[in-house]
Amino acid sequence: MPELPEVETLVRGLTPRLTERRINGITVLWPPTVYKQTSVYRDILSGTAIRRVFRRGKYICLVLDSGWTLSIHLRMTGKLLFQLSPELMPFLRVSLQLAEQTVYFVDVRKFGRMKLWPPGAQILPDLGPDALDTPAVRKALKQTSSSRAIKCLLLDQHVIAGIGNIYADESLFAARISPITPAFSLSSHQAARLARAIHAVLQAAIAHSGTSLKDYRTADGDSGRFQHRLQVYGRAGKPCYACGTPIERVRLQQRSCHFCPSCQRGRNRNSR
DNA sequence: AACAGCACCTGTAGGC
DNA sequence: TGCCTACAGGTGCTGT
């Protein structure tokens with residue numbers, strides 16, 4: 001479900017409600033969510049307070065007073081809620097008991113994961129630079145020698161962290177670059193333009209509290225609003241807002257990929 | 001070594 | 001109505 005803007009929106013909502021709160025206990029209803037170390041989780045988390053909440057890529061990280069860090073990935077359908085409605089009860093996977101409230105991790109498809117990192121450990125060592133770190137993104141795009149389609153590269157969290165299927169398509173449209181362009185063949189100008197486009201698209205999405213296509217909600221239970229601003233994602237067959245050409249949809253890396261065949265021609269387009 | 005393909009899960013929408 | 005298939009915002013493993 002969530003990409004960087006949705007996770008960022010969620011983290012902004014969670015931060016004031018979690019910071020300095022003490023964890024009293026954890027209940028795990030679906031052990032794979034925590035890699036089957038339930039008792040370990042109870043021992044490490046119980047009695048410690050949350051010192052800081054931050055986001056890295058699509059991960060939510062809770063830094064604890066004990067020095068441990070809990071990372072949470074929502075994957076496709078994960079949600080963190082302060083209230084559990086009866087119809088969501090069957091999908092409750094983990095609950096974290098805090099001093100005055102409970103945080104419910106609800107996840108229909110059971111893909112979401114939590115992981116504990118010991119004090120001093122480098123957390124999430126395999127993640128690339130955050131997608132909002134424009135200089136690092138530009139550098140990664142310029143340096144790559146990969147022959148993969150640029151869209152596949154954008155989705156690779158080892159290269160850049162935080163971009164998913166929606167914002168990959170939207171960023172490539174904003175930069176007027178074809179999704180199937182071999183990554184290494186981007187010009188220096190195109191790499192710079194794409195890095196700027198990624199930043200602009202993600203910031204605009206954050207400003208609108210993310211994209212709610214189906215069931216994504218902010219920490220307050222609200223929908224995002226960026227779905228009304230999507231230029232290509234989910235618009236197959238509809239006219240491009242820029243030129244009127246029907247938006248195309250193809251399969252790329254087992255996922256749908258939306259683009260304007262006219263605005264996003266192959267390479268060698270003017271850079272501006 | 002890098003990459004494509006599938007596995008992991010469940011719900012929903014659309015075709016017949 | 002019911003059955004079947006395709007698809008969904010993500011990652012990680014496996015085999016080539």
Side-chain angles (χ1 to χ4, degrees), chain A residues 1-11 29-36 55-60 71-80 85 87-94 105-115 124-128 131 140 143-173 179-180 182-184 198 201-202 204-206 208-218 223-237 249-258:
Chain A
M1 152 187 48
E3 305 181 34
L4 186 152
E6 292 74 38
V7 177
E8 177 65 25
T9 301
L10 188 59
V11 163
L29 292 93
W30 179 255
T33 305
V34 296
Y35 298 98
K36 302 181 182 177
R55 175 193 63 74
R56 171 122 185 261
K58 302 173 195 171
Y59 288 81
I60 300 156
S71 66
I72 304 170
H73 199 299
L74 304 174
R75 295 279 181 95
M76 297 287 270
T77 55
K79 284 192 267 280
L80 290 174
S85 59
E87 62 271 23
L88 291 180
M89 211 93 78
F91 310 116
L92 178 63
R93 308 303 178 205
V94 175
F105 182 74
V106 170
D107 183 22
V108 171
R109 288 176 73 178
K110 299 176 174 172
F111 288 167
R113 293 291 181 265
M114 299 183 180
K115 193 166 180 179
L124 303 166
D126 297 330
L127 272 193
Q143 277 183 345
T144 186
S145 56
S146 171
S147 58
R148 301 155 80 186
I150 182 60
K151 163 141 190 211
C152 298
L153 200 80
L154 293 184
L155 292 175
D156 186 337
Q157 304 297 301
H158 307 283
V159 179
I160 300 166
I163 301 173
N165 207 29
I166 296 178
Y167 299 110
D169 284 359
E170 293 296 313
S171 299
L172 287 164
F173 175 78
I180 58 171
F184 72 84
I198 289 166
V201 167
L202 294 178
I206 292 169
H208 292 273
S209 304
T211 301
S212 292
L213 291 182
K214 237 184 126 189
D215 54 0
Y216 160 74
R217 292 295 178 272
T218 71
S223 297
R225 301 179 306 281
F226 197 69
Q227 61 273 21
H228 306 302
R229 310 221 158 208
L230 297 176
Q231 304 292 300
V232 289
Y233 188 87
R235 298 196 63 247
R249 181 177 130 165
V250 297
R251 289 307 274 187
L252 198 58
Q253 212 181 254
Q254 327 275 96
R255 319 195 56 189
S256 61
C257 175
H258 313 72

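In what follows, chains are A, B, ... by sequence order, proteins preceding strands, each numbered from 1. When reading the values below, keep in mind they use all heavy atoms of this one structure, side chains included, and skip hydrogens, waters and symmetry mates.
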* To do: Give a yes/no answer on whether the side chain of A:Arg249 brings an N or O atom under 4.0 Å of OP1 or OP2 in C:dA8.
  => yes
* Structure fact -> Base-paired stretches in DNA chain C with three or more consecutive Watson-Crick or G-U pairs, both distances under 3.5 Å, amount to B:2-8 with C:10-16, B:10-16 with C:2-8
* Partner residues of A:Ile180 under the side chain to side chain contact (heavy atoms under 4.5 Å, CB included) criterion, sequence neighbours left out -> A:Ser178, A:Leu252
* Asked: Quick one: is C:dG10 close enough that its OP1 or OP2 comes under 4.0 Å of any side-chain N or O from A:His73?
  -> no
* Between A:Arg148 and B:dA2, is there a side-chain N or O to OP1/OP2 distance below 4.0 Å? -> no
* Structure fact -> Under a 4.0 Å heavy-atom criterion, the protein footprint on nucleotides 6-11 of chain B, written with B, S and -, is B-BBBS
* Find the distance between CZ (A:Arg113) and OG1 (A:Thr33) and round it off to the nearest 0.5 Å. => 6.0 Å
* Rounded distance in Å between the P positions of C:dT11 and B:dG11 -> 22 Å
* Say you pick atom P in C:dC3 and the same atom in B:dC9; how far apart are they, in whole Å? -> 25 Å
* Write down the distance separating the P atoms in C:dA6 and B:dC6, rounded off to the nearest Å. => 13 Å
* Asked: Can you list the residues that meet the salt bridge (Lys or Arg N to Asp or Glu O under 4.0 Å) rule with A:Lys151, with sequence neighbours excluded?
  -> A:Asp169
* Grab the CD-C1' distance between A:Gln227 and C:dA8 for me, whole Å please. => 15 Å
* More than 12 heavy atoms from other groups under 6.0 Å of CZ on A:Arg225 -> yes
* Look at the aromatic rings of A:His208 and A:Phe226 and report parallel, tilted or perpendicular, splitting at 30° and 60°. => tilted
* Structure fact -> For A:Leu29, the side chain to side chain contact (heavy atoms under 4.5 Å, CB included) test, sequence neighbours excluded, returns A:Thr27, A:Leu92
* Do any N or O atoms from the side chain of A:Gln143 and from the backbone of A:Ala140 form a donor-acceptor pair under 3.5 angstrom? -> no
* Structure fact -> With sequence neighbours left out, the residues meeting side chain to side chain contact (heavy atoms under 4.5 Å, CB included) with A:Ala131 are A:Leu4, A:Ile160, A:Ile163, A:Ile198, A:Leu202
